[in-house]
Amino acid sequence: MSAEPLPRAPQPSPADDALAFAVQAARIAFEHRAEDIRVLDVRGLSSLADAFVIGTGTSDRQMRAVLDRLDQFARSVGRKRFNISGTQSSNWVLADYIDVVIHLFDPARRGYYDLDGLWGDAPLVEWRPAAVGAVPAEPSPGDSD
């Protein structure tokens with residue numbers, strides 16, 4: 001009597017992995033006091049990435065601290081940052097992890113560039129841990145009540 005092989009657990013898709021990384025990036029930004037953090041699922045809307053993390057920093061020092069911690073986390077899960085830009089100014093810092101792009105702005109630039117509005121069709125991804133008090137994601141356009 002031969003034993004049947006055990007069923008294999010489904011492997012997460014690369015897009016699921018990207019969203020998980022984006023959620024953790026948002027939590028790291030929150031822990032370092034970034035404000036108004038959003039995770040956007042841009043799969044199907046952008047060929048640039050699967051997710052954007054957008055947050056508002058309170059100072060250039062604070063934004064750099066967020067990026068340093070993100071790099072530590074990325075290395076711990078086998079990811080490398082592809083590129084970074086804006087570290088010479090405190091207006092807008094972008095960290096590109098290929099399938100996840102992190103945008104940290106000062107308040108004025110966040111309003112000026114309005115990535116939240118530009119990517120308004122992208123579904124919001126819930127990133128807050130239950131202990132912090134999950135805020136329901138806003139419904140996507142076309143969702144019915």
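Numbering of residues begins at 1 and proceeds along the displayed sequence.
- With a 4.5 Å cut-off on side-chain heavy atoms, Leu40 and Ile54 count as touching.
- Formation of a donor-acceptor pair under 3.5 Å by the Trp127 side chain with backbone atoms of Ala25 is not found in this model.
- The existence of a salt bridge linking Arg64 and Asp60 is confirmed by a sub-4.0 Å separation between a basic side-chain nitrogen and an acidic carboxylate oxygen.
- The CG atom of Leu104 sits 7.5 Å away from the CD1 atom of Ile102 when rounded to the nearest 0.5 Å.
- Using modelled atom types, one side-chain atom of Gln62 and one backbone atom of His32 make a donor-acceptor pair closer than 3.5 Å.
- Side-chain contact between Val42 and Asp50 is absent, with no heavy-atom pair separated by less than 4.5 Å.
- To the nearest 0.5 Å, the span separating CD on Gln24 from CZ on Phe30 amounts to 12.5 Å.
- With values rounded to the nearest 0.5 angstrom, Asp116 atom CG is found 8.0 Å from Phe105 atom CZ.
- When each of Asp96, Asp99, Asp71 is checked for a salt bridge (charged side-chain N to carboxylate O under 4.0 Å, His left out) with Arg79, only Asp99 meets the rule.
- With Arg38 contributing its side chain and Val53 its backbone, the two residues share no donor-acceptor pair below 3.5 Å.
- Counting only heavy atoms from C-beta outward, the side chains of Leu115 and His103 approach each other to under 4.5 Å.
- In this structure, the separation between OG on Ser46 and CG on Asp121 is 12.5 Å, given to the nearest 0.5 Å.
- Between Leu124 and Val39, the closest side-chain pair of non-hydrogen atoms is not below 4.5 Å.
- A donor-acceptor pair under 3.5 Å is formed between the side chain of Glu126 and the backbone N or O of Arg128.
- One finds the CG atom of Leu94 at 8.5 Å from the CZ atom of Phe52 (value rounded to the nearest 0.5 Å).
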